[in-house]
Structures are given as structure tokens and as C-alpha cells.
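The structure appears right after this line, and notes come after that.
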Amino acid sequence: MVLDYCLCPKCERMIMLDGDFPTGFCLYCGTHIAYDEAREDFLSGLRSAIPDEFQLEVELSELIDEDDAQCEDGYGMSECREECEKAQRCLGKWDFAKAYEHYVNALDWRPTDFEASCGRLTAGILKLNDVENWESRLRDTVALIRSQNDCNMVQKSLEYSLDVLRRFLSKGGRFVAPYYTYGFFRLLTDKFPALRKTAVEIFAHCLNVDNAPLTNAARLDNETTRFAVGSFSSEPDKNLRYPLALVTKYMEDARTAEELCRALYVYDRVGWLRNRDNDRINDVIGYMEMVFENGYTNTTKKIAIEVCYDFLMMGGLEYNTTMKEKRIFLARVYDYPQMKRMERFFGEDLFFRRLQNEVYLRSKGATAVSAEYKMIQEKIRELSSYGGATDYYNR
């Protein structure tokens with residue numbers, strides 16, 4: 001059974017139809033849909049921003065190792081070229097699944113054929129149903145490049161794929177599981193700097209959709225999400241620091257980066273903190289540590305501090321909650337090792353120090369005569385001397 005995306009001609013929502021049947025029904029408005037016609041309308045919309053034909057124009061002899069290059073009458077050469085030509089025709093029809101099969105057949109004849117490897121990468125991405133293999137295919141293709149200055153063919157293949165995927169997103173599609181594709185996007189941004197902007201835009205959208213149901217970018221209907229390609233967990237991934245750090249590292253717009261961080265960490269914080277979800281708590285702290293230890297810009301560091309403070313210290317949203325009430329609640333959430341990790345980032349904040357003091361006294365073996373307790377108290381006295389701070393934090 002092959003599933004394909006299309007748009008309902010009446011309500012214009014993204015749906016998926018079973019390609020084994022000629023017609024189907026829209027999940028939203030119930031309209032009866034002719035499969036071929038609806039799919040062609042959808043593809044024509046995508047094609048409007050994409051080249052009509054998929055062509056890779058490059059001198060392969062510059063990109064393939066001399067040991068791999070063989071003469072035209074070498075074993076498997078003609079069969080490989082024949083399969084590549086069939087695949088090209090399928091790409092022209094946007095039949096990516098069939099194109100992928102032909103490129104695989106071409107590589108069976110000549111495993112190191114560069115054109116076939118690039119084609120398999122492109123078709124493999126665009127057929128959408130095995131995202132967990134994207135990274136391995138990209139690694140195989142990059143491994144054939146002997147000079148990183150001569151990666152035109154791979155870059156053009158990826159550019160074509162990303163343009164189609166971005167256009168697909170504009171129709172409301174959801175197709176990438178961040179858990180499976182983080183390695184792919186990390187490798188892509190590392191090896192192809194010219195594609196970073198497009199890559200992180202796509203990856204940021206996928207992170208939003210998977211984890212931020214309260215943000216505008218993620219307000220997709222449940223049915224659309226349920227029929228997305230691939231298998232996804234019933235709850236958001238709690239280990240987001242690596243994909244989030246990748247996106248914020250290359251995101252050009254600081255405001256967009258901040259909105260993404262808040263979408264992933266802040267908007268659903270009440271549930272995570274109330275349930276004392278240490279996976280998410282440690283993930284947020286880990287994100288800050290990654291940003292400060294890996295040469296990120298000062299703008300990104302500022303975003304990380306402000307957003308993570310709002311999550312961990314409950315700043316900014318609970319307008320009717322006093323600072324004392326927050327401390328009482330949070331003192332039951334964190335353990336002291338977590339507070340020590342946060343001290344690096346929030347140590348100059350009076351509210352944090354008072355919370356740290358209460359968490360410390362709850363920890364095993366803590367006493368009011370220890371050097372650690374005295375250090376915290378001294379810091380509280382120092383911060384309290386800054387005019388106005390005491391009144392605010394004692395409300």
C-alpha cells in the first residue's frame with residue numbers, strides 16, 4: 001500500500017489518500033475526491049516554485065576518485081546508465097518511490113557511481129517514508145567526494161530536495177521526526193554551509209510541530225498529524241537540546257530562534273515541573289551548557305538564559321503567583337545537584353539564590369553551619385543590598 005499526499009479541492013486541507021484506490025474522502029469536510037486529479041493539483045502547486053525538470057549538470061570526473069572512474073565499456077556501466085535514465089524520467093513525473101528503486105538498481109551495478117548515489121539521496125528524501133535512513137545515504141554520498149570544494153552535484157541534489165520539502169511545508173505538511181533526522185541535518189549543515197539557512201528553517205518547523213501545540217506554527221489538525229509519515233511517540237520528545245542547539249546555532253533571525261525555544265521549553269512547563277520530569281529539566285540545563293561551551297554568539301546565549309530562566313524559575317507568565325509561592329513550589333521540584341548546575345547561569349539572581357538555599361536545606365546531610373550554606377547566605381546578603389531587589393522578591 002502506497003500513501004500519497006494531496007489537497008482537498010473544497011477545504012484545501014492536506015490529506016493522505018491510499019494510492020491503491022482511485023478515489024477517497026476528505027477527513028475534514030467529507031468531500032469525495034478523485035485521487036489522480038487531486039494529487040496532480042497538489043503536485044502542480046509544489047512545482048510552481050521548483051524547476052520543471054530535475055537535472056544535475058556537473059563534470060563528474062572532478063568529483064569521483066580516479067580509482068572509481070572506469071571507461072564507458074566497464075562492467076555494469078551501460079546497465080547503470082540505463083537505470084539512471086529510467087530514474088530521471090520518474091523524477092520528471094514526481095514518482096519518487098519508483099525513481100528511488102531505479103537508483104538502487106543502478107548502484108547494484110556500480111556501487112560507487114556518483115550520479116546514482118546523488119539520485120538515490122534525492123529520491124530517498126522525497127519519497128518521505130524512511131526518514132531514519134536519510135543520514136546514512138548522505139554519508140554514503142559525501143564519502144564519494146574527494147575534494148570538499150567540488151561537491152556541486154551533491155549540493156544541487158540537496159537543494160532540490162529541500163526546496164520541495166519547504167514547499168511541502170507551506171501546504172501544512174508534517175513529515176520529519178526530529179529524533180530520526182537530527183543526524184542528517186547536523187551532517188548537512190556541517191558539510192554544506194550554503195544550505196544551512198534552508199535546512200534549519202525546515203528542521204525548526206519540524207521541532208515546532210512535534211513539540212509546541214500552542215504555537216501558531218504548530219496548529220495542525222489532529223488528523224493531519226495522525227496521518228503523517230512515520231511513527232511518532234504519543235508525547236513530545238524530552239531530549240531536545242541537540243536539535244534545538246543545531247537550529248539556534250544557524251538561525252539568522254534571533255526573534256524566530258527565541259520563539260522556537262519558548263515553544264519547546266516554556267509553554268508546557270507547568271506539567272513538566274509539577275510532575276518533576278527530570279528528563280525535561282536536565283534537557284533544559286543541558287541546552288544552556290551546550291550553548292555556553294560551544295562558541296555560540298552572545299545573542300544566542302542571551303536567548304538561552306532568558307528562555308530557560310522562564311522555564312526553570314517560572315518567570316514571566318504566572319502573573320498572580322508571588323515569588324514566595326514559586327519558591328515553595330520549586331523547592332519540591334529540584335534537587336541540589338541540579339541547582340549547582342544552574343548556579344553558573346543564574347547565580348547573580350536573588351530569587352535563584354533564595355531557592356537554592358531552600359533546596360540545599362532539604363538535601364541529605366545539609367546543615368546551617370556548613371560552608372556551602374554560609375556561601376549561599378553571603379551571596380543572598382550581597383544581592384539583597386542592590387536597591388529594590390529585596391522588596392520585589394519578597395512579595
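Residue numbers count from 1 along this sequence. What you see below is based on every heavy atom in this structure, not just the backbone, and it leaves out hydrogens, waters and symmetry mates.
- If you run side-chain contact (heavy atoms from CB on, under 4.5 Å) between Phe351 and each of Lys326, Met314, Gln356, only Lys326 comes through.
- Using a cut-off of 4.0 Å between Lys/Arg side-chain N and Asp/Glu carboxylate O, Arg110 and Glu79 are scored as not salt-bridged.
- Under the 4.5 Å side-chain criterion, counting only non-hydrogen atoms from C-beta, Ile303 is not in contact with Met251.
- A donor-acceptor pair under 3.5 Å is absent between the side-chain atoms of Asp130 and the main chain of Asn133, judged by distance alone.
- A salt bridge links Glu115 to Arg81: at least one charged side-chain nitrogen sits closer than 4.0 Å to a carboxylate oxygen.
- With Asn294 contributing its side chain and Met290 its backbone, the two residues share a donor-acceptor pair below 3.5 Å.
- If you look at Phe352 and Phe345, their ring centroids are not closer than 6.0 Å.
- Annotation: side chain of Pro193 is in contact with side chain of Arg196 (closest heavy-atom distance under 4.5 Å).
- Within a 6.0 Å radius of NZ in Lys86, more than 12 heavy atoms belonging to other residues, nucleotides or ligands are found.
- Inter-residue side-chain proximity for Leu187 and Phe192 is flagged as unmet; no heavy-atom pair is nearer than 4.5 Å.
- Each of Glu372, Arg362, Lys364 was compared with Tyr336 under the side-chain hydrogen bond (donor to acceptor under 3.5 Å, both in side chains) criterion, and only Glu372 meets it.
- Formation of a donor-acceptor pair under 3.5 Å by the Asp283 side chain with backbone atoms of Arg241 is found in this model.
- Side-chain atoms of Cys261 and Tyr287, non-hydrogen and from C-beta on, do get closer than 4.5 Å to each other.
- Ionic pairing of Lys302 and Glu306 is present here: one or more N-O contacts between side-chain nitrogen and carboxylate oxygen are shorter than 4.0 angstrom.
- Of all non-hydrogen atoms in Leu246 and Val200, the two that sit nearest each other are O-CG1, 4.2 Å.
- Taking 4.0 Å as the cut-off between side-chain N and carboxylate O, Arg353 and Glu382 do not count as a salt-bridged pair.
- A donor-acceptor distance shorter than 3.5 angstrom exists from the side chain of Thr189 to the backbone of Phe185, with no hydrogens or angles considered.
- Shortest non-hydrogen contact noted between Glu348 and Leu383 is O-CD2, 3.5 Å.
- Using a distance-only test at 3.5 Å, with no hydrogens or angles considered, no donor-acceptor pair links the side chain of Ser117 to the main chain of Asp113.
- Residues Tyr334 and Met342 form a side-chain contact, since some pair of their non-hydrogen atoms from C-beta on lies under 4.5 Å apart.
- The minimum heavy-atom distance between Gly315 and Arg269, with the atom names listed, is O-NH1, 3.1 Å.
- Once rounded to the nearest 0.5 Å, the distance linking CD of Gln155 with SG of Cys118 reads 11.5 Å.
- The pair Arg255-Glu258 does not meet the salt-bridge criterion, since no charged nitrogen lies less than 4.0 angstrom from a carboxylate oxygen.
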*What do the steps show when you test Lys374 against Glu378 for salt bridge (charged side-chain N to carboxylate O under 4.0 Å, His left out), and what is the final call?*
CA-CA 6 Å; Lys374 293 178 181 179; Glu378 177 60 30; over 6 Å; no

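- Checked options Val164, Thr122, Leu195; the residue passing with Glu159 is Leu195 (criterion: side-chain contact (heavy atoms from CB on, under 4.5 Å)).
- Cation-pi check for Lys301 over Phe292 is met; the charged atom lies under 6.0 angstrom from the ring centroid and within 45 degrees of its normal.
- No side-chain heavy atom of Glu252 sits under 4.5 Å from any side-chain heavy atom of Thr256.
- A heavy-atom distance below 4.5 Å is found between the side chains of Ile125 and Leu158.
- In this structure, the separation between SG on Cys80 and CG on Leu107 is 6.5 Å, given to the nearest 0.5 Å.
- One finds the CG atom of Asp163 at 10.0 Å from the CG atom of Leu126 (value rounded to the nearest 0.5 Å).
- Using a 4.5 Å heavy-atom threshold, the side chains of Val154 and Leu144 count as separate.
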_Trace of the salt bridge (charged side-chain N to carboxylate O under 4.0 Å, His left out) decision for Arg354 with Glu358_ = CA-CA 6 Å; Arg354 287 181 168 164; Glu358 295 185 28; over 6 Å; no

*Determine, stepwise, if the pair Phe96 / Cys90 fulfils side-chain contact (heavy atoms from CB on, under 4.5 Å).*
CA-CA 7 Å; Phe96 302 121; Cys90 291; over 6 Å; no

*List the steps and the verdict of side-chain contact (heavy atoms from CB on, under 4.5 Å) for Asp310 and Val307.*
CA-CA 5 Å; Asp310 278 354; Val307 171; 5.8 Å; no

*Can you list the steps and then say if Tyr360 with Met375 is a side-chain contact (heavy atoms from CB on, under 4.5 Å)?*
CA-CA 11 Å; Tyr360 173 75; Met375 181 277 293; over 6 Å; no

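- In terms of hydrophobic clustering, with Ile, Leu, Val, Met, Phe, Trp and Tyr side chains grouped at heavy-atom distances under 4.5 Å, Leu361 and Leu350 are assigned to a common cluster.
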*asked:* One pair to check against side-chain contact (heavy atoms from CB on, under 4.5 Å): Arg280 and Asn275. What are the steps and the verdict?
replied: CA-CA 10 Å; Arg280 175 51 62 89; Asn275 296 327; over 6 Å; no

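- For the atom pair OG1 (Thr181) and CG (Leu188), the distance works out to 11.0 Å, reported to the nearest 0.5 Å.
- Salt bridge annotation for Asp277-Arg274: absent, with no cationic side-chain nitrogen under 4.0 angstrom from a carboxylate oxygen.
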*Begin from the C-alpha positions of Arg137 and Asp140 and carry the test salt bridge (charged side-chain N to carboxylate O under 4.0 Å, His left out) through to its verdict.*
CA-CA 5 Å; Arg137 292 183 195 131; Asp140 290 345; over 6 Å; no

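- Taking each heavy atom of Cys308 and Phe346 in turn, the nearest pair found is C-CZ, 4.1 Å.
- Residues Ala331 and Val359 share a closest heavy-atom pair of CA-CG2, 3.9 Å.
- When hydrophobic side chains of Ile, Leu, Val, Met, Phe, Trp and Tyr are connected at separations under 4.5 Å, Tyr100 ends up clustered with Val104.
- Of the inter-residue distances, the one linking Ile281 atom CD1 with Trp272 atom CH2 reads 10.5 Å to the nearest 0.5 angstrom.
- Going from atom CH2 of Trp134 over to atom OG of Ser161 covers 8.5 Å, rounded to the nearest 0.5 Å.
- Without hydrogens or angle criteria, Arg327 side chain to Leu355 main chain gives no donor-acceptor distance under 3.5 Å.
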*For the pair Arg262 and Glu259, evaluate salt bridge (charged side-chain N to carboxylate O under 4.0 Å, His left out) and give the outcome as yes or no after the intermediate values.*
CA-CA 5 Å; Arg262 290 189 178 279; Glu259 289 176 351; over 6 Å; no

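- Judged by distance alone, with hydrogens and angles left aside, the side-chain atoms of Ser363 form no donor-acceptor pair with the main-chain N or O of Ala366 at under 3.5 Å.
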